[in-house]
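Just so it is clear, the model here is predicted, and its values are computed rather than measured. Both ligands and their constituent atoms are indexed starting at 1 by order of listing.
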Amino acid sequence: MSDYQALTRALSCIKSALGEKRDFKPRVALILGSGLGDFADNIDVVAKVEYSQIDGFPVSTVPGHKGRYIFGYINNVPLVCMQGRVHYYEGYSMQQVVMPVRLMGMLGAEILLITNAAGGINRDFYPGALMLIRGHISCFVPSPLIGPNIDRLGTRFPDMTNVYDSRLASIIESAAQRRGVELEKGVYVQLGGPNFETPEEIKMLELLGADAVGMSSACEAIAARHMGMRVAGISCISNLAAGITGEPLTHQEVIDAASEAAPKFTGLLIESISKM
Ligand code: HPA
């Protein structure tokens, strides 16, 4: 089966799980990162579809990541939200990792809003800070577009000059101002994980101009741009990157810091989505 056939098969599973809501067309696709799972409590829910109901769907194995799409409204903006994402380090191919994003695009979402937890490389950052992603470095992991091009989704050699949409960025910056939320801006670098980086790698990434490091997101942004979606991303800085404080890093501290920042993050997301 081709990747496109797998996508259309998964899409029809979603449609049948949606039942009489099958014509619901999301405008915004939202990926909830670590610690943000409870964001879904703010959605006027129309339907939920478990990933396990979808043929060929990569099911997340990370603790703290649930596995379902939630369809509904935030202040009348129709959206689909991923409660739980799939990571490359789980052993899936990059094509599988971006399948959930592609499906949200095929459901009609024009905007992809990515969130994640990330390690802060920029010395001005602190645990709990929020960073608007203004660019990314993805070349440490394979492109999700490797393999036969899915011409129905996009072109073979898509431009990546403006991955992060400036109009969406302005909406998010204004929302942060209105809510009095401090918002950093910076470059996100995706590494494969699952091990955290060494202090030497963090030094290298700093030299390359990265402000935050994580194990997701850039591949999702590429897949979304390939199919013409407009993209925005916000990182929650859950910890300072390896070697900065000298303390060892743990997944638990990532979850705890992201959960602590969740109310501020949630407020910013609701305010932003309402204007999209
Ligand atoms: N490195 C990579 N990924 C991460 C980190 C980190 O320090 N924190 C949260 N996700």
Student: Using 0.5 Å steps for rounding, measure from the CG atom of L113 to the CG atom of L79.
Tutor: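 If I round to the nearest 0.5 Å, the distance is 9.0 Å.
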Student: Nearest 0.5 Å, what's the CE-CG distance between M276 and L269?
Tutor: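 Output value for this atom pair is 8.5 Å.
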Student: Using heavy atoms and a threshold below 4.0 Å, how should the contact between L249 and ligand 1 be classified: side chain, backbone, both, or neither?
Tutor: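 Answer for L249: side chain.
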Student: Which is it for N116 and ligand 1 at heavy atoms under 4.0 Å: side chain, backbone, both or neither?
Tutor: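 The answer is neither.
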Student: Looking just at side-chain N and O atoms, do H87 and Y92 make a donor-acceptor pair shorter than 3.5 Å?
Tutor: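 Side-chain D/A pair, H87 to Y92: absent.
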Student: For atom 5 (C) of ligand 1, what is the closest protein heavy atom, and at what distance to 0.1 Å?
Tutor: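 In this structure, atom 5 (C) of ligand 1 has G119 N, 3.4 Å as its nearest protein heavy atom.
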Student: Classify the side-chain pair S216/N116 by whether it contains a donor and acceptor separated by less than 3.5 Å.
Tutor: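 No pair is found: no donor N or O on one side chain lies under 3.5 Å from an acceptor on the other.
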Student: Where on A242 is there a heavy atom closer than 4.0 Å to ligand 1, on the side chain, on the backbone, on both, or on neither?
Tutor: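 No part of A242 is near ligand 1 at this cut-off.
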Student: Can you find a heavy atom in the side chain of M82 that is under 4.5 Å from one in the side chain of R68?
Tutor: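 Sidechains of R68 and M82: no contact.
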Student: By number and element, which atoms of ligand 1 are closer than 4.0 Å to a non-hydrogen atom of M215?
Tutor: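 Near M215, meaning under 4.0 Å from one of its heavy atoms, ligand 1 has 2 (C), 3 (N).
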Student: Quick one: CZ on R178 to CG on L268, what's the gap to the nearest 0.5 Å?
Tutor: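 These two atoms lie 10.0 Å from each other.
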Student: Answer yes or no: does atom CD of E110 have more than 12 heavy-atom neighbours from other residues, nucleotides or ligands under 6.0 Å?
Tutor: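 Yes, CD of E110 has more than 12 neighbouring heavy atoms, counting only those of other groups under 6.0 Å.
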Student: Which protein heavy atom lies closest to atom 3 (N) of ligand 1, and at what distance to 0.1 Å?
Tutor: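 It is G214 CA, 3.4 Å.
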Student: For the CZ atom of F265 and the OG atom of S259, what is their distance to the nearest 0.5 Å?
Tutor: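 Between F265 CZ and S259 OG, I get 12.0 Å after rounding to 0.5 Å.
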Student: Measure V213 to ligand 1 on non-hydrogen atoms and call it side chain, backbone, both or neither using the 4.0 Å cut-off.
Tutor: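 Within the 4.0 Å criterion, V213 contacts ligand 1 through backbone and side-chain atoms alike.
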Student: May I ask you to identify the nearest protein heavy atom to atom 9 (C) of ligand 1, giving residue, atom name and distance to one decimal place in Å?
Tutor: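 The protein heavy atom lying closest is S238 OG, 3.4 Å.
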Student: With atoms numbered from 1 as shown, which atoms in ligand 1 lie under 4.0 angstrom from a non-hydrogen atom of V254?
Tutor: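 Answer, ordered by atom number: 8 (N), 9 (C).
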Student: Which ligand 1 atoms are under 4.0 Å away from a heavy-atom of N239?
Tutor: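 Once the distances to N239 are compared, the set is 5 (C), 6 (C), 7 (O), 8 (N), 9 (C).
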Student: Considering both backbone and side-chain atoms of A241, is one of its nitrogen or oxygen atoms within less than 3.5 Å of a nitrogen or oxygen in ligand 1?
Tutor: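 Min N/O separation from ligand 1 is not below 3.5 Å for A241.
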Student: Donor-acceptor pair, E271 side chain versus A175 backbone, under 3.5 Å?
Tutor: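 Flag not set: sc E271 to bb A175 has no pair under 3.5 Å.
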Student: Going by the order shown, which atoms of ligand 1 are within less than 4.0 Å of some heavy atom of E197?
Tutor: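 Near E197, the atoms of ligand 1 are 1 (N), 2 (C), 6 (C), 7 (O).
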Student: Identify the closest protein heavy atom to atom 10 (N) of ligand 1: which residue and atom is it, and at what distance?
Tutor: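 Its nearest protein heavy-atom neighbour is A117 O, 3.4 Å.
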